[in-house]
Protein chains: 2
Amino acid sequence: MARNQQQNEKMREDRIKQIQAEALHQFANKGLFATKIRDIAEGVGMAQGLIYHYYKSKEDIYVELIKNALDKMNAAVLMLKETPLPPHEKISMAIKQMLYTIETSEDFTQTCRLIAQATNSTAIPEDAKKLIEEKRDLPYQELAKIIAAGQKEGTITAGDPKELALVFWTSLNGLAIYKATRREHTSMPDPGILINIFLKE
Amino acid sequence: MARNQQQNEKMREDRIKQIQAEALHQFANKGLFATKIRDIAEGVGMAQGLIYHYYKSKEDIYVELIKNALDKMNAAVLMLKETPLPPHEKISMAIKQMLYTIETSEDFTQTCRLIAQATNSTAIPEDAKKLIEEKRDLPYQELAKIIAAGQKEGTITAGDPKELALVFWTSLNGLAIYKATRREHTSMPDPGILINIFLKE
DNA sequence: TGTTTGATTGAATTTACAATCAATAATATA
DNA sequence: TATATTATTGATTGTAAATTCAATCAAACA
């Protein structure tokens, strides 16, 4: 009836991955509205029309990327949560890890950029808004829990855990965004600076 | 030859201020491309065509707003520089001041948002890119100088002044952006958390 | 070999919007 | 009052871009 099922699906998935990769790159750099379907198609090396064989619309691609980005971020936070380390070591590990990843992974900084753009604009698809609404608070919440646990142990600085978590996440996020726009010219600060905010010496 | 010069110019300036205020609001919320000239015109309560009596193009409005935003930000930093206080007090004053302004001034958070969006997109007018290139480094540089001076006096934490300045500015910026998208629901952290990063006790 | 299914193309269609423009209104000055 | 000047409107124009579509291609399988 049809060509080999597995091959077919593999091809389809490959194409979709290509489109996603190119779209992430374009959306992260230029945003939803300045990115043209033609740009994405050209980037992948296919005709514009073919994009619509795989996605219903530009917005659909965008929404899927937003979902993936938020999920990836939250998965990382949940992994941190599950790591069998005392709270203060979780915090210092997370800081080092994130700074290193910002430094080395363009994919990661672009993901941060995509989320930042979406979070800071009211002109995004309804579905994207819902996803952000649902998912953006998890990092703050989980970090606040870790911080509170560390405070009980006496290893983490005093202060409202939610406020500390807010500073933690916005700082690292801010650094990722900063880095994204100056790849070559900058490097991340010493993790010690940030670790100092949270750990008692 | 013409109607009273002063009155004419006053009217013109008022109109321009109206357009700027509305455009800042729209651009900050939706970005350059999602904002339509009609949106701005409707917001001010004028016909679309009239916008073009005051500005050559949508991009021109945008570039002017970017310029104003960067200049405002830099003026604040230069004022801090000139303030007759020892370095560590400048830093703690700046932190308190910025957190308070974020909390109370929507105009300020929107200005931060506008700059953030522009900085994070490659799809902005050439002129805007140039302005950003020229002007965005001043806060980092001036803060680094203040920090270095405080370190000499022994009142500010050790560490590369540039790195500390980077953390300072990205953190506060990150908080402004965060606040912009959640006006009612959040308040800023205790300034002490941030002050702790920079001052020796 | 012929049929079916999915991949692919690029031209055609449609829509949305920036920018222009001709016409009108309001006011100042001569 | 007549003229000049600027403000204002909203319809018109031109363009760019999203989406659709008819046609072709390639591979599997009967």
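Labels below follow one simple rule: chain letters A, B, ... track the order of the sequence lines, proteins then strands, and each chain is numbered from 1.
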Check the distance between [N]'s [atom2] and [X]'s [atom1] and give it to me in whole angstrom.
X	N	atom1	atom2	value
E13(B)	dT6(D)	CD	C1'	15 Å
L50(B)	dT20(C)	CG	P	14 Å
K58(B)	dA16(D)	NZ	C1'	13 Å
K56(A)	dT19(D)	NZ	P	8 Å
Y52(B)	dA7(D)	OH	C1'	17 Å
H53(B)	dA7(D)	NE2	P	3 Å
E59(B)	dC17(C)	CD	P	16 Å

side-chain N/O R15(B) vs dT6(D) OP1/OP2, d < 4.0 Å =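 So the side-chain polar atoms of R15(B) never come under 4.0 Å of the phosphate oxygens OP1 or OP2 of dT6(D).
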
Side-chain N or O of Y54(B) closer than 4.0 Å to phosphate OP1/OP2 of dT8(D) =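 Looking at the OP1 and OP2 atoms of dT8(D), one of them is under 4.0 Å from a side-chain N or O of Y54(B).
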
Nucleotide nearest S57(B) when distance is taken to its side chain, options dA19(C), dT8(C), dT8(D) =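 For S57(B), the side-chain atoms sit closest to dA19(C).
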
Closest approach of K200(B) to I156(B) (non-hydrogen atoms, all atoms of both residues) |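 For K200(B) and I156(B), the tightest heavy-atom pair comes out as CE-O, 3.9 Å.
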
Quick one: closest heavy-atom pair of M93(A) and L85(A), and the distance?
->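 Answer, listing the atom of M93(A) first, then L85(A): SD-CD1, 3.8 Å.
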
Donor-acceptor contact present, side-chain [X] to main-chain [Y], <3.5 Å:
X	Y	answer
K56(A)	H53(A)	no
E103(B)	M188(B)	yes
K129(B)	T122(B)	yes

Taking DNA chain D as the partner, which of residues 21-48 of chain A come within under 4.0 angstrom of it by heavy atom?
->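 Residues of residues 21-48 of chain A that come under 4.0 Å of DNA chain D are, in numerical order, T35(A), K36(A), I37(A).
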
Working to the nearest 0.5 Å, report the span between CG of N68(A) and OG1 of T111(A).
->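 Output value for this atom pair is 9.0 Å.
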
With a 4.0 Å cut-off on heavy atoms, is Y55(B) in touch with a base, just the backbone sugar-phosphate, or nothing at all?
->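 It contacts nothing in the nucleic acid.
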
Could you check F168(B) against I95(B) for side-chain contact (heavy atoms from CB on, under 4.5 Å), going step by step and ending with a plain yes or no?
-> CA-CA 9 Å; F168(B) 183 101; I95(B) 290 171; 3.4 Å; yes

